[in-house]
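Protein chains get the first letters and strands the later ones, always in sequence-line order, with residue 1 at the start of each.
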Amino acid sequence: MLRIAGLTRRYGTLVALDGVSLTVAPGEIAGLLGANGAGKSTLLRTAAGLQPPDAGTVSADGVDLWASPVEAKRRIGYAAEEPRFYEELSAEEHLAFVAAVRGLDAAEAKARAEDLLGRFGLADRAREPVSRFSHGMRKKLSFVAAILHRPPVLLCDEALEGFDAASALAAKSELRALATAGCAVLFSSHVTETIERLCDRATLLHQGRVARVIERSAWGAPPSGPSALEREFLVVAGPTPR
Amino acid sequence: MPAPIRPQARAFRDLERALRRRRLLGLGPRLRLEFALLALLVGAFLFWQARVPLDGLVRAGGAGAAVGAVAVIALILAAASGALAGARLARLLRTGPAGPEWLALPIKPAALERHLAWEARRYEPWLWVPALAVLIAAIGLVAPGWLVLLTLGFLGLQPMAGRIGCALGQRAARGATEARPGVPDVVRMLATAAPRRPRPRTGAAVWWRAPAWLALAAKDLTFTRRHGPTRRAAALPIALWVLSVAVWWLPGESAMRHTLAFGLSLLAAAALAEWLIALVDSDPFAVLRVLPIGVASVWGARAALAAAGTLLVVAAQAVGSRELEPHARQLLLLWAGGATLAIGILGVNYGVTLHPQAGVAGRMLGLSLALAVAASVMLPLSGWIILLSAVAHSARRLPLWPRLEEV
């Protein structure tokens, strides 16, 4: 479970987050919607431990992020909006490093990494330096690194932006699988359609505050599976599993 | 409406003038001076290489033989200039030239060809260095009138050779592309040009389960091998360590070897600290911060590398300093090892606590070491007090690491 309580973050005089509180239950995919500058990325970066809050708490599975950062981060996966890497390392080396730091079983992590790289169309490029990757490929690698350890809490900051249609479908399917396994997912996007299709609930942020929380029942069930256009895309450029 | 030719030619002239200026300014004053000195050195070397044979020719066959020799050299240099331009043009056409998407602009193919040829002939002035050296070498051996004629001849030949070279280069590049009637050659070549971007592949990743600090240290070593600037930063302390051991085989006083070995070890320690700062700096802020890794691991990984460097220094000096008395040898090992560890740890402390401001960390390290050296010069051993105080003081900021922010 992800619990965010009274989170406040200021940049000088600008209040980017103003007492934001929200909870994401295990198995739930919660959407975070908002205009540019609403505070979505600040919220996710603060919840991921990238920047300390001025007030408020974040806890992952009951572990306070700022009191026990290492323990809390074991439970969190974070897919960044603008991912950063060791540019000279290959995708595979980056994942191996992340797996080692997270203390994952080497054989199991390797198998999962290979599976995920294949599903996201990165298998052929896994041994190239990340510096050669396009924006979309970097986003996919960041997503793979975030879910490699099947985290109980997953934070996705515009995670699917830049994905091709096949990878976006694979990511949605992986997110649903993680949620089914009990992962609490907080997924930010400025694309309402993505939130509609994927999330169980949407939190609307406006000027650093929670403006509204909308349950899925309010927008109805979206069509299941890929759209007609996505199906056509899959026929032409479907994933190439390893 | 097609653009009129004259303004386009003027636009290219302005572009080429601006490029020439930018490239020259882009070198920076120091590099410009270095290039000028290099040209002077090469020119002086060639002058002496040419002067003696030309003098011999004059003595053996008269001034005419020397004129003939200088003319042949000028011809060879002009031909080399043309060959260079041709090879460069062929490469530009195959891999795509610098600049905008040329084919998206309303430019006449001829104007584009002319500009690409200008780009290909960019290094022609470098051939003036050997030409000038040979012409100066002929002063006093050849009549001034001949010298003027030879100079004018070279200045006329070189552009001609450049144009011939470019024509040949274009032909060579054209041969590699598929013919398409009605499509100008340059358009066809640029349309199929692909930048040469080799896709380097790394070896298989090592999947292992390790403590975070060890995983980080192993990643640091891999990163050092891959990343040029970090690799060079690591090469410097190694080179200095090798030198610090090599001095033990120098002839002369033992005291001099002792001093040199210790001094070079200290320099190596400073270079080691700079490498460690570069390593910490290489950590992308967002990568480590979202991983379950604390300051102990981040610091421990780099401190382990500092300790490994210390062991290397002690082992190397133990091998090199066998000629010293046991007591003096132990003191050297203790001093060199202790200083290396302290300076290395100081670099790690500054790197970690000031991350991601490596420049500030480097300056703090330099300031601390300069203070320690100055103190040592004024009062023996006081440098140690400064150094250890700096280590202790910089360590006090380590607990603040989790709250550091990206700047």
Candidate pair A:Arg45 and A:Asp157, rule salt bridge (charged side-chain N to carboxylate O under 4.0 Å, His left out), full reasoning: CA-CA 8 Å; A:Arg45 284 173 62 83; A:Asp157 193 358; over 6 Å; no

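- Residue A:His149: no heavy atom, backbone or side chain, is found under 4.5 Å from chain B.
- Contacts with chain B were tallied for A:Gln51, A:Arg102, A:Glu71; A:Arg102 has the most, counting heavy-atom pairs under 4.5 Å.
- Salt bridge annotation for A:Glu93-B:Arg226: present, with a cationic side-chain nitrogen under 4.0 angstrom from a carboxylate oxygen.
- Using a 4.0 Å cut-off between charged nitrogen and carboxylate oxygen, A:Glu87 and A:Arg138 count as a salt-bridge pair.
- Residue with the most contacts toward chain B among A:Pro83, A:Ala100, A:Ala113, A:Gly77: A:Ala100 (heavy-atom pairs, distance under 4.5 Å).
- In this structure, chain B has no heavy atom under 4.5 Å from any part of A:Arg75.
- When the candidates A:Arg74, A:Glu82, A:His94 are compared by the number of heavy-atom contacts under 4.5 Å with chain B, A:Arg74 comes out ahead.
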List the steps and the verdict of salt bridge (charged side-chain N to carboxylate O under 4.0 Å, His left out) for A:Arg112 and A:Glu174. CA-CA 12 Å; A:Arg112 176 150 168 84; A:Glu174 187 63 33; 3.1 Å; yes

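- A perpendicular orientation is assigned to the rings of A:Phe120 and A:Phe163, their planes being inclined by more than 60° (bins at 30° and 60°).
- Within the 4.5 angstrom heavy-atom criterion, atoms from both the backbone and the side chain of B:Leu216 approach chain A.
- Neither the backbone nor the side chain of A:Leu155 comes within less than 4.5 Å of any heavy atom of chain B.
- With a 4.5 Å cut-off on non-hydrogen atoms, A:Leu104 touches chain B through its backbone but not through its side chain.
- Here the straight-line distance linking atom CZ of B:Arg209 with atom CD of A:Glu108 works out to 9.0 Å at 0.5 Å rounding.
- Heavy-atom distances place both the backbone and the side chain of A:Ala48 under 4.5 Å from chain B.
- There is no contact between B:Ala218 and chain A, counting heavy-atom distances below 4.5 Å.
- Contact annotation: the side chain of B:Thr222 never approaches that of B:Thr202 to less than 4.5 Å [non-hydrogen atoms, C-beta and beyond].
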